[in-house]
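Worksheet: the structure to be examined is printed underneath.
Only heavy atoms go into these numbers, but all of them, side chains included; no hydrogens, no water, no symmetry mates. Nothing fancy with the numbering, it's 1 onward along the sequence. Bear in mind that the values here come from a model prediction, so they are computed numbers and not experimental data.
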Amino acid sequence: EKPIGEGSFGSVYVATRTAPGSGDVERVALKRLLPSVAPHRVLNELEQLARSAEGAGYAVPALLDAYRDPGGFVVVMEYFAHDDWKAYYDQLTWHEVGQYMRELLAALAHVHARGVVHRDVKPRNFLFDRRTGRGCLVDFGLAQSCDLWEQRRRHLDDHRRTREGGGSSSSSSSSSS
């Protein structure tokens, strides 16, 4: 079947599955990662997606399942019905541009509140449904924990202080929350 999205690390397809418990047939998004993708990258993507999706409603797809098969890793997520960005971007009204931006910023605010930096925000990673005015942030392959960014910031601050002759303050630079 034809992918609905393609990137450097794999492709995304629409599939159907029987929902556990209810027996209902539902559409899902299958992200098939290339076999060459390092397992630690896959694990990071799954962790950041699961963390971000918690309490997100439709703004981030829920992680439903993940497994490895001979073709690589497969990530099963909620499917979000959307319009193809290339088909509508030059037709948006000012009202729709505002709605698109509100949805994108709300999704990013939620993700950041969950302690995740997405790091790959672009039109093909923000799915938008013009009919409903709703959007969904996808592709957490480059996402990282905010904790990692805080560690990097402290390290850089220490480096700058050392370079400026202020000495190292690695023991005093940790903040309490």
I'd like to know if L49 and L43 are part of one continuous hydrophobic network [Ile/Leu/Val/Met/Phe/Trp/Tyr, side-chain heavy atoms within less than 4.5 Å].
no
Considering only residues two or more places apart or on different chains, which pairs with a residue in residues 37-80 satisfy ring pair (Phe, Tyr, Trp, His ring centres under 6.0 Å)?
none
Ion pair check, R161 and D158, cut-off under 4.0 Å
yes
Any side-chain heavy atom of V12 within less than 4.5 Å of one from P3?
no
With a 4.5 Å limit on heavy-atom distance, are the side chains of N125 and H118 in contact?
yes
Could I get the full list of side-chain contact (heavy atoms from CB on, under 4.5 Å) partners for A143, not counting sequence neighbours?
Q48, V116, F140
Reported CZ-to-OG1 distance for the pair R130 and T93, which is rounded to 0.5 angstrom:
7.0 Å
Please find the pair of heavy atoms, one from H110 and one from S52, that lie closest to each other, and give the distance.
NE2-O, 2.9 Å
Taking only residues at least two apart or on different chains, which pairs with a member in residues 85-107 satisfy ring pair (Phe, Tyr, Trp, His ring centres under 6.0 Å)?
W85-Y88, W85-Y89, W85-Y100, Y100-F126, Y100-F128
Residue pairs passing the salt bridge (charged side-chain N to carboxylate O under 4.0 Å, His left out) test where at least one lies in residues 77-93, sequence neighbours excluded:
none
Can you list every pair that meets salt bridge (charged side-chain N to carboxylate O under 4.0 Å, His left out) and has a residue in residues 100-123, with sequence neighbours left out?
E54-R114, D120-K122
Which residues share a side-chain contact (heavy atoms from CB on, under 4.5 Å) with A15, sequence neighbours left out:
V28, L30
In this structure, would L63 and V37 fall into the same cluster of hydrophobic residues linked by side-chain contacts under 4.5 Å?
yes
Spacing of NE2 belonging to H112 relative to CG belonging to L108, to within rounding of 0.5 Å:
5.0 Å
List for me each residue that meets salt bridge (charged side-chain N to carboxylate O under 4.0 Å, His left out) alongside D65, sequence neighbours excluded, and say none if there are none.
none
What distance separates T132 OG1 from Q99 CD, expressed to the nearest 0.5 Å?
8.5 Å
A19 and S22 have their tightest heavy-atom pair at CB-OG, 3.5 Å
Enumerate the residue pairs fulfilling salt bridge (charged side-chain N to carboxylate O under 4.0 Å, His left out) with a member in residues 22-50, sequence neighbours excluded, ordered by first and then second residue.
R17-E26, K31-E45, K31-D139, R32-D69
Listed once per pair and sorted, the side chain to side chain donor-acceptor pair (under 3.5 Å) pairs that draw on residues 5-15, sequence neighbours left out
none
Would a single hydrophobic cluster contain both M101 and L127, if residues Ile, Leu, Val, Met, Phe, Trp and Tyr are joined by side-chain heavy-atom contacts under 4.5 Å?
no
Can you tell me how far apart CG (L46) and CG (L33) are? Round to the nearest 0.5 Å.
8.0 Å
Quick one: closest heavy-atom pair of L137 and P61, and the distance?
O-CD, 3.2 Å
Are L104 and V121 side-chain neighbours, meaning at least one heavy-atom pair lies under 4.5 Å?
yes
